[in-house]
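First up is the structure itself, then whatever we jot down about it.
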Amino acid sequence: MPVLSRNRPPHATTPGPTPSTDQAAFARLYGEFFDPIYWYCRHRLGDVQAAEDAASLVFANALAAGPRYDDPSLRSWLFGIAHNVLANALRGRRSWTPLDTAFEVADRGPLPEEVVMGEDERETLLRALALLPADQRRVVELRMAGLTGSEIARLLERSPAAVKMLQQRAFTQLRAVLAAERGGEEADHHG
């Protein structure tokens, strides 16, 4: 007796996707999007292990949902899943850590971005990002993760014009903060 697919009626003669084609499509999806999803999680969570766990959960949820792998909004759909996974992870964080876990300190080695940008510039940028309102900061973080304005708009359920305005305001504020920071550093060097 033939095995019936959930996606097609029993009288259909056109074969549906086979598990091997689904696996290959998911492998391509994973290969293309794992790094951007991981770095987005890493930036938001600030912890290697938590970012790995979150990125894994994003792809487990994507696999369970069975996306249409040729969908043009696939990337924003994945970042939407990441946004929800991160919201749950951040909501579940505790503000204290038991003393007996002090022996299991995570590796604090530099990230590739830190090597390229230099620790001082990175810290300055992170301080400046922390000063932004949450909606502006989220737009900048998603932009840094590689999403387009329209993808961010879909993810945040805002119009593209609203996202563009948030981004412009964020960049204007970041420029001002960074200029003030650089001005203070120059005064320290010359004074």
Side-chain angles (χ1 to χ4, degrees), residues 29 32-59 61-62 65 67 71-96 106 108 110-188:
L29 171 86
E32 182 176 348
F33 293 108
F34 181 82
D35 285 346
I37 293 288
Y38 168 77
W39 286 109
Y40 175 60
C41 294
R42 174 72 191 266
H43 175 73
R44 294 290 310 275
L45 297 172
D47 177 75
V48 173
Q49 186 64 44
E52 289 171 354
D53 292 346
S56 295
L57 188 55
V58 168
F59 285 96
N61 289 348
D71 189 342
S73 64
L74 185 62
R75 186 165 92 163
S76 58
W77 176 73
L78 280 172
F79 274 91
I81 294 172
H83 175 77
N84 293 333
V85 166
L86 290 171
N88 289 337
L90 292 170
R91 193 178 306 119
R93 281 192 169 176
R94 297 180 181 204
S95 60
W96 59 274
R108 301 280 184 214
L111 299 172
E113 292 90 353
E114 293 170 340
V115 172
V116 173
M117 289 176 55
E119 188 63 32
D120 292 338
E121 289 179 12
R122 181 179 180 276
E123 291 300 319
T124 300
L125 180 59
L126 291 176
R127 280 194 307 273
L129 275 172
L131 297 174
L132 294 176
D135 54 349
Q136 291 178 15
R137 184 174 57 250
R138 189 165 295 119
V139 167
V140 172
E141 290 170 346
L142 290 169
R143 266 302 206 189
M144 290 171 62
L147 269 68
T148 65
S150 60
E151 290 171 330
I152 295 169
R154 278 193 302 272
L155 177 63
L156 299 180
E157 297 177 350
R158 294 187 179 229
S159 70
V163 168
K164 186 174 182 177
M165 182 58 68
L166 284 169
Q167 180 178 311
Q168 287 174 341
R169 289 178 180 162
F171 288 165
T172 299
Q173 188 168 345
L174 283 173
R175 274 188 218 102
V177 169
L178 293 173
E181 181 93 15
R182 285 187 193 114
E185 288 175 5
E186 288 178 18
D188 288 344

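Contact between L45 and A54 at its shortest, heavy atoms only, is CD1-CB, 3.9 Å. Heavy-atom minimum distance, A128 versus V177: CB-CG1, 3.6 Å. Between A55 and C41, the shortest heavy-atom distance links the atoms N-SG, 4.1 Å.
Formation of a donor-acceptor pair under 3.5 Å by the S159 side chain with backbone atoms of A162 is found in this model.
The OG atom of S150 sits 11.5 Å away from the CG atom of L155 when rounded to the nearest 0.5 Å. S76 contributes atom OG, which lies 7.0 Å from atom CG of L147 (distance to the nearest 0.5 angstrom). Rounding to the nearest 0.5 Å places CD of E32 at 11.0 Å from CD1 of I37. Here Q167 contributes atom CD and T172 contributes atom OG1; the two are 10.0 Å apart, rounded to the nearest 0.5 Å. Rounding to the nearest 0.5 angstrom, the gap separating the CG atom in D47 from the CD atom in E52 is 8.5 Å. Note that the NE2 atom of H83 and the CD atom of E141 stand 10.5 Å from one another [nearest 0.5 Å].
Contact check for R154 versus W77: no side-chain heavy atoms found under the 4.5 Å cut-off. Taking the side chain as every heavy atom from C-beta outward, Y38 and V48 approach each other to under 4.5 Å. Counting heavy atoms from C-beta outward, V140 and F171 have side chains that approach closer than 4.5 Å. R138 is listed as a side-chain neighbour of R44, based on a closest heavy-atom distance under 4.5 Å.
Within 6.0 Å of the CZ atom in R169, the count of heavy atoms belonging to other residues, nucleotides or ligands does not exceed 12.
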>> Would L78 and L29 count as a side-chain contact (heavy atoms from CB on, under 4.5 Å) here? Give the steps.
In response: CA-CA 10 Å; L78 280 172; L29 171 86; 3.5 Å; yes

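Exactly one of L142, D135, L166 qualifies for a side chain to side chain contact (heavy atoms under 4.5 Å, CB included) with L156. That residue is L142. Among the candidates F79, F34, F33, the single residue satisfying the ring-ring contact (aromatic ring centres under 6.0 Å, His included) test with Y40 is F79. The side chain to side chain contact (heavy atoms under 4.5 Å, CB included) with L129 is formed by just one residue from the set H43, Q173, Q136; it is H43.
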